[in-house]
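Below is one structure, written out as structure tokens; comments come after it.
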2 protein chains.
Amino acid sequence: MGATTQRRGTAQRRYERAERILDAATGLVLRWGYDKTTIDDVARHAGVAKGTIYLHWGSREDLFAALMRWDRAQMIGAVRRRLQEDPATATLPGLFGLLAHELHRRPLLQAAMVQDSAVLGKLVARKQTSTTTPDMVAPFGEYLATLREHGMVRADLSLEDHLTLVAAVLHGSLVSLRMMPDSLRVSDERAGELIGDALARAFAAENPPSDAARAVCADATRAFVDQAYAVARAKLRESLGDDLPPEEDLSPAEGDPS
Amino acid sequence: MGATTQRRGTAQRRYERAERILDAATGLVLRWGYDKTTIDDVARHAGVAKGTIYLHWGSREDLFAALMRWDRAQMIGAVRRRLQEDPATATLPGLFGLLAHELHRRPLLQAAMVQDSAVLGKLVARKQTSTTTPDMVAPFGEYLATLREHGMVRADLSLEDHLTLVAAVLHGSLVSLRMMPDSLRVSDERAGELIGDALARAFAAENPPSDAARAVCADATRAFVDQAYAVARAKLRESLGDDLPPEEDLSPAEGDPS
DNA sequence: AGATGACCAGATGAACGAATCTGGTCACAC
DNA sequence: GTGTGACCAGATTCGTTCATCTGGTCATCT
């Protein structure tokens, strides 16, 4: 019993330290850009020694890969939590609106999505970040198929059509908001609403769905997000190893990237 | 009479030469990028002497400004021509679909819109290209107001909302198409359809419009495009001066940027 | 009058060497 | 067992120099 407690204490402290390092790295990359952010800087801001970082990750590259995965897992986790808190959001518009909203709150993921070389520097050339996550294409296709069977979305759009529109709208909203003159800019919140709504309307079938269809859609939406979350967690575990606590032990800070 | 004919022949030849130069410059910028394209290169490809370019434009910068304006005027001209040929396209979805389609055919305007530094090089940092053309914001607002009065679009979206969605979707479609894996990519034609359709659905009012409303909308659409074309032409005239023939004397090649 | 291309001042880019920086290591301290 | 930071090889940066390039000019030719 005591050995188990001690073991848990150590892993918890390691995870918290990893988080501190990831937090520090995030802040510095956003401020100075990837190229200018050194391991030494990260260590100092995280309040650890430089060598300590190598206790968590084997190389600089691994640290920054962990960063993206961490932010992504947190975003999907936040969407999932919102879905759980408010069942009314378990719809197609709800899902896209939440996704857009969470994405708009995450400058690092935004930078990755728009391949912002000011932030990501050499990472841009090296990693061709796709707006689709390959692992999630098939599950998204299945989710859409479920919606289509229940008359929730138009039957005349292919998976490619759907992905094109989702990618275009999510991506475009990030960039065009930045470029919009101040007098014409809408809030991030509003942008999220507009995006969710526009996609929902673009995909909506002619006839209003039945209540039973809505219920199936809600279940399918939650299942899809659960799956996305599981994939994101698995990826993050590749970067954090045993430092990542089991799912039920998430730290309270997760979901608030500050 | 004879002097007038001679005058016209000279101006026509000047305009054609200007077009040859602009055509050559376009091709080279797309191939080598703005930074690598020299005036000497342009002259050689256009089959004129280097000094001849300075008979049309005072500086390298002016030449490349003319380039963008030329392409833009051609795009809007093409949209306008399509509207005239097929009155059924004089609708909101028709307009956006045509715009998207023409934009997808114009790599230079695309590069400007997405601020592609591979193509535009130093021009990117210098000129903060907005996805909105300031001169066209108010006319677009008026066009929307007309549509709203006649129940053609939702009454709950502001001008900012509309612009946000238009900018996001047009812009996003350019970028995300490039980033989509080959197996998932749709054709440019299809992308244009999807975009026009999505925006139309996003903006559509609840109730189907009357035939009278449709007619007003068609008139308003044509008037809006006419106005956009006039603005684009005025801008182009700033770059070409008297070399630009009056509107009715457009060369047959205009509309086919090849 | 109009087109041309050699010329030139200033800009650019490549090469080089020296100084500095940085990712990764590991002996040492606790 | 864990955390540390001095150390070091290689990478990067920066200033200097010089060769080459390029935008713009204008005397010359047609």
Side-chain angles (χ1 to χ4, degrees), chain A residues 2-21 24-25 28-29 32-67 121-123 125-126 239 241-243, chain B residues 2-22 24-25 28-29 32-67 121-123 125-126 239-243:
Chain A
T4 301
T5 302
Q6 183 177 18
R7 176 87 188 268
R8 288 290 304 279
T10 301
Q12 179 70 11
R13 279 203 302 275
R14 282 182 60 94
Y15 177 65
E16 283 169 3
R17 190 175 62 199
E19 281 200 307
R20 268 200 331 273
I21 295 167
L28 292 179
V29 166
W32 293 336
Y34 168 83
D35 290 346
K36 289 293 180 188
T37 301
T38 64
I39 298 288
D40 213 17
D41 295 326
V42 175
R44 259 187 279 109
H45 279 78
V48 297
K50 194 172 155 194
T52 304
I53 292 187
Y54 291 90
L55 297 180
H56 290 270
W57 299 282
S59 67
R60 184 176 190 270
E61 185 174 336
D62 290 344
L63 165 62
F64 288 106
L67 212 53
K122 296 203 230 0
L123 267 186
R126 187 188 315 162
S239 289
D242 289 344
D243 292 351
Chain B
T4 301
T5 302
Q6 184 179 16
R7 175 90 188 268
R8 286 292 303 280
T10 302
Q12 180 70 11
R13 279 203 300 276
R14 283 183 61 93
Y15 178 65
E16 283 168 1
R17 190 176 62 197
E19 280 199 308
R20 270 201 329 274
I21 294 168
L22 291 170
L28 294 178
V29 166
W32 292 335
Y34 169 80
D35 289 347
K36 288 292 182 188
T37 301
T38 65
I39 298 290
D40 213 16
D41 295 325
V42 175
R44 260 187 278 109
H45 278 81
V48 299
K50 194 175 157 191
T52 303
I53 291 186
Y54 291 90
L55 299 179
H56 291 270
W57 299 282
S59 67
R60 183 177 191 269
E61 186 175 335
D62 290 344
L63 167 60
F64 288 107
L67 212 54
K122 294 202 230 3
L123 267 187
R126 187 189 316 159
S239 289
L240 294 186
D242 289 342
D243 292 347

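Just so it is clear, the model here is predicted, and its values are computed rather than measured. We name chains A, B, ... by the order of the sequence lines, and we start the count at 1 in each one.
Here the side chains of B:D41 and B:R44 are in contact, with some heavy-atom distance below 4.5 Å. Put simply, the side chain of A:Q12 reaches to within 4.5 Å of the side chain of A:E16, judged on heavy atoms.
Following rounding to the nearest Å, A:I39 (CD1) and C:dT22 (P) show an atom-to-atom distance of 11 Å. Atom pair A:D41:CG and C:dT22:P shows a separation of 7 Å (rounding to whole Å applied). Regarding A:D35, its CG atom lies at a distance of 14 Å from the C1' atom of C:dG23, rounded to whole Å. Put simply, CG on A:L63 is 15 Å from P on C:dT22, counting in whole angstrom units. If you measure from atom CH2 of A:W32 to atom C1' of C:dT22, you get 14 Å, rounded to the nearest angstrom. Between B:F64 atom CZ and D:dT22 atom C1' there is a gap of 12 Å when expressed in whole angstrom units. Between the NZ atom of A:K122 and the P atom of D:dA11 there is a distance of 13 Å, given to the nearest Å. When rounded to the nearest whole Å, the span between CH2 of B:W57 and C1' of D:dT25 equals 18 Å.
Scored by the side chain to side chain contact (heavy atoms under 4.5 Å, CB included) test, A:D35 finds A:K122 as partners (sequence neighbours excluded).
Taking the screw axis at each terminus of the helix from C:dA1-D:dT30 to C:dC30-D:dG1 from five consecutive base pairs, the angle between the two is 30° to within rounding of 10 degrees.
Scanning both residues, B:G121 and B:Y34, for their nearest heavy atoms gives N-CB, 4.4 Å. Residue B:H56 comes nearest to B:R14 through the heavy atom pair CE1-O, 3.2 Å, listed as atom of the first residue, atom of the second, then distance.
For the side chain to side chain contact (heavy atoms under 4.5 Å, CB included) with A:V42, the lone residue among A:V48, A:I53, A:L67 that qualifies is A:I53.
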>> Set out, in order, the CA-CA distance, both residues' side-chain angles and the distance that settles side-chain contact (heavy atoms from CB on, under 4.5 Å) for B:D243 and B:W57, then state yes or no.
In response: CA-CA 11 Å; B:D243 292 347; B:W57 299 282; over 6 Å; no
> Which letter, B, S or -, goes with each nucleotide of nucleotides 2-9 of chain D from 5' to 3', with contact meaning a protein heavy atom under 4.0 Å?
Replying inline: -SBB----
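Looking at A:K50 and A:D40, no side-chain N of the basic residue comes within less than 4.0 Å of a carboxylate O on the acidic one, giving no salt bridge.
To the nearest 0.5 angstrom, A:Y15 atom OH is 13.0 Å from A:R20 atom CZ.
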